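For ligands, and for the atoms within them, numbers begin at 1 and follow the listed sequence. The structure presented is a predicted model; accordingly, all values stated were derived computationally and were not measured.
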Amino acid sequence: MAFDIEMIQARYKKMEAAITQARSIVGRPLTLTEKILYSHLWDGNTKQAFGRGKDYVDFAPDRVAMQDATAQMALLQFMQAGRSKVAVPSTVHCDHLITAKVESGKDLGVALDENKEVYDFLSSVSNKYGIGFWKPGAGIIHQVVLENYAFPGGMMIGTDSHTVNAGGLGMIAIGVGGADACDVMAGLPWELKWPKAIGVKLTGKLNGWTAAKDVILKVAGILTVKGGTGAIVEYFGPGAESLSCTGKGTICNMGAEIGATTSTFAYDASMERYLRSTNRADVADLANQYKDHLTADKEVYADPSKYFDQVIEIDLDTLEPYVNGPFTPDLATPISKLKDEAIKNGWPLKVEVGLIGSCTNSSYEDISRAASLAKQVSAKGLKTKAEFTITPGSELVRYTINRDGFIDTFNKIGAKVFSNACGPCIGMWSRVGADKKEKNTIVHSFNRNFQARQDGNPNTYAFVASPEITTALAIAGDLGFNPLTDTLVNEKGESVKLDAPSGEELPSKGFAVEDAGYLAPAADGSGVQVIVDPKSTRLQLLAPFQKWEGTDLKGLKLLIKAKGKCTTDHISMAGPWLKFRGHLDNISNNLLIGATNFANGKQNEVKNQLSGNYEPVPQTQRAYKAAGIGSIVVGDENYGEGSSREHAAMEPRHLGVRAVLVKSFARIHETNLKKQGMLALTFANKDDYDKIAEDDVIDIMGLTQFAEGKPLTLVLNHKDGKKDEIVVNHTYNSQQIEWFKAGAALNLMKA
Ligand code: MIC
Ligand code: SF4
């Protein structure tokens, strides 16, 4: 039986009336996305048609999920909200803090020891406030959510940008910062700007070497890391129905990499099969009963350009496998052109490691197809040239693939099986030799490949591909190998060709597991004690941020003008820093250390305007803070792309940065800044970015009349005595302006 079945039942019961009303008010057939959004309005059935990309709307999500690296901050905030229990079903998943080094058992043991304090904190807070707790080793949040909690037509938020993975089961699932999760758990509405709509029509059927991953790798190439911003992507068409449910999950998962708010698919037979095989026949039966509401009105898919703002069409019959990278997930190269591109661009051809698994690609189908290739290694007398690792997405999958002999097959090609956790995907990978910073290539089936993300080495060229292509390239040890056309020379000197992968969508013997790793919370948690040691280096109770002083902000120093890509990995690096995710002051020592300073092209070296010296960013900012001087951070396009981590907003706030001014923001990061009481501003004229100089002292004018839709003015006081005045825009609505004035959204909740 599924978790929270009564909640799902109640949701479905309300859908009909909500959708009928919305359809009549909007006055046309509805997309699936619109049906789900209109049936989750905070204020009940709609009284108006909302404007895409315009209206801020309050929603009532069905559930909340948090992973350990972000849950610490989310729950530290929730503890201040003064509630005794969470208002909606919520879960915590311990997956980000396990370092992949030797093999799963040993690595898990080390993590349990090293992170004991954090795990104890998370489990006791969960127990106290009625939150389901998934222990370390249970699996990666998004895989566990897909297996247990996602349901067609539902809406959830999660403190991780890949929460969107649950779109594979027909949800609207959205990544948020911990402060948003805190609101929903406290019983408050959740606000989102009504999204734009992108439709992707899939025709044909996957065949040969092509996998679901290639759909999103191609879409990323088309839309780029910014193209989905502010939009929900809805996939449909015969090709969509032909994909497995977990394949749909992969596509939705990596929708985060195009900046999309989320992605989703209509309920179909693949979802029903998946629900039944994961022990949720009750949800499948319900969904069947309500299936007309779990897909778009039929006029929509028949004539999509009338209902979506943009339509993309992809023919799965002719889709080629893609390999995306290096350093960005949208640099898409079809496998047939990869060799030429690699040579042209100087990408190292030798593949050192192939890594499969992660929240993106560790379904039974993925693993069985990759294993079908691994099996050919001995059958064809080959030897695997690169190292090979697997991080299973959940204990359910790991147990089942082990039972079915796949782990054995991988072991025969010398694979390392890491814990059911994020591991190398988030830089929790103790890779031998990475500290030598040598130029090298790795290929993985994860979703992100920002510089230094996997192993901390900025010279690692990381490429994203399907598990099948990753396995083939690891066997060949050669980025220039095209398994569709090329042959390999085996140990006997013969030329052999790999057969196209084959596998099973779902285990024919069913899924199995001994201990899935779940701990239910106490029915009454009022007596549970949550302990935070004041001397801890890993956890720190939060002190409220100060409220706005009521005046314009004058005399702000430029902390850094970041050049080019500045993702949340650049603002608040993961890997070794993950251990401080519950301690705001300690983690602030990584503030912007990965960002490139426009003035000297260097990382973590900015001019301290007080000493005149070039110093690390955190040190410089601490000097301003100690002197009681505010500062400003300037950035380029899509600033804060990547993850949901609100540390990237809380750290500057904690250290006294007052505003972040950029050419454009990634959605989650912009909201995180607003929630924490920062000013998130954009250049009205993007060329003004060039006017900002290293020694500038900046005034932000117009704050006493801060209002929705009204630009602010910045005065740039240059060192030579000259001044420039520039106009900056913002997207604050009146509620969000109150957050700014109160010093943070949380301060208002407590008030
Ligand atoms: C990531 O993939 O970057 C993460 C780590 O899962 C993040 C969350 C985090 O920073 O903790 C994400 O995607 O939101
Ligand atoms: Fe974990 Fe990587 Fe997935 Fe983020 S993208 S949840 S780090 S596996």
Using a 4.0 Å heavy-atom cut-off, say whether H93 meets ligand 2 through its side chain, its backbone, both or neither. neither

Heavy-atom contacts under 4.0 Å between D160 and ligand 1: side chain, backbone, both, or neither? both

Okay, side chain of S123, backbone of Y119: is any donor-acceptor separation there less than 3.5 Å? yes

Mind telling me whether F450 and H570 have parallel, tilted or perpendicular rings, with 30° and 60° as the class edges? tilted

Can you classify the ring geometry of Y274 versus F511 as parallel (below 30°), tilted (30 to 60°) or perpendicular (above 60°)? perpendicular

For ligand 1, which atoms, with element, lie under 4.0 Å from some heavy atom of H96? 4 (C), 5 (C), 6 (O)

Is Q454 close enough to touch ligand 2? Criterion: a residue heavy atom under 4.0 Å from a ligand atom. no

Taking only heavy atoms of C425 into account, list the atoms of ligand 2 that are under 4.0 Å away from them. 2 (Fe), 5 (S), 7 (S), 8 (S)

Could you find the nearest protein heavy atom to atom 13 (O) of ligand 1 and give me its residue, atom name and distance? S161 OG, 2.5 Å

So that I can tick it off, tell me whether E641 and K226 are bridged by a salt bridge, with the cut-off set at under 4.0 angstrom between side-chain N and carboxylate O. no

Considering only heavy atoms of S644, which atoms of ligand 1 have at least one such atom less than 4.0 Å away? 12 (C), 14 (O)

Under a 4.0 Å threshold between the charged nitrogen and the carboxylate oxygen, would R667 count as salt-bridged to E670? no

Salt bridge present between D183 and K675 (N-O < 4.0 angstrom): yes

Using a 3.5 Å distance criterion without hydrogens, assess whether the side chain of N590 forms a donor-acceptor pair with backbone atoms of M573. yes

For Q67, the option from R581, H93, H96, H162 that meets side-chain hydrogen bond (donor to acceptor under 3.5 Å, both in side chains): H96

Is C422 close enough to atom 1 (Fe) of ligand 2 that one of its N, O or S atoms comes in under 2.8 Å? yes

So if I count the atoms of ligand 2 from 1 in the order they appear, which ones are less than 4.0 Å from some heavy atom of N447? 5 (S)

Do the rings of H669 and Y639 sit parallel, tilted or perpendicular, given the 30° and 60° boundaries? tilted

Does any N, O or S atom in H162 come within less than 2.8 Å of atom 3 (Fe) of ligand 2? no

Ligand 1-proximal atoms of H647, by part, heavy-atom distance under 4.0 Å: neither

Charged N-O contact under 4.0 Å between D569 and R645: yes

Centres of the F133 and Y518 rings: under 6.0 Å? no

Atom indices of ligand 1 within 4.0 angstrom of R453 heavy atoms, with elements: 1 (C), 2 (O), 3 (O)

Between E103 and K416, does any side-chain N to carboxylate O distance fall below 4.0 Å? no

What atoms of ligand 1 come within less than 4.0 Å of a heavy atom belonging to R645? 3 (O), 5 (C), 9 (C), 10 (O)

Relative to the heavy atoms of I426, which atoms of ligand 1 are at a distance of less than 4.0 Å? 3 (O), 5 (C)

Numbering the atoms of ligand 1 from 1, which are under 4.0 Å from a heavy atom of T70? 9 (C), 11 (O)

Starting from atom 8 (C) of ligand 1, what is the nearest protein heavy atom, named by residue and atom, and what distance separates them? Q67 NE2, 3.1 Å

Against ligand 2, does R448 come closer than 4.0 Å with any heavy atom? no

Protein heavy atom at shortest distance from atom 12 (C) of ligand 1: S643 CB, 3.0 Å

Atom 3 (Fe) of ligand 2: the protein heavy-atom neighbour that sits closest, reported with distance to 0.1 Å: C359 SG, 2.3 Å

Counting only heavy atoms closer than 4.0 Å, does ligand 2 sit against the backbone of Q67, its side chain, both, or neither? neither

Just need the protein heavy atom nearest to atom 3 (O) of ligand 1, so name the residue and atom and give the distance. R448 NH1, 2.7 Å

Check the pair H654, D585 against side-chain hydrogen bond (donor to acceptor under 3.5 Å, both in side chains), reporting the backbone distance first and the verdict last. CA-CA 8 Å; H654 171 64; D585 194 53; 2.7 Å; yes

Using heavy atoms and a threshold below 4.0 Å, how should the contact between M428 and ligand 1 be classified: side chain, backbone, both, or neither? neither

Proximal atoms of ligand 2 relative to H142 (non-hydrogen, under 4.0 Å): 6 (S)

Is a donor from one side chain sitting under 3.5 angstrom from an acceptor on the other, for T360 and N447? yes

Show which atoms of ligand 1 fall inside a sub-4.0 Å distance from at least one heavy-atom site of R581. 9 (C), 10 (O), 11 (O)

Carboxylate-amine/guanidinium contact K213 D366, below 4.0 Å: no

Atoms of ligand 2 less than 4.0 Å from D160 heavy atoms? 6 (S)

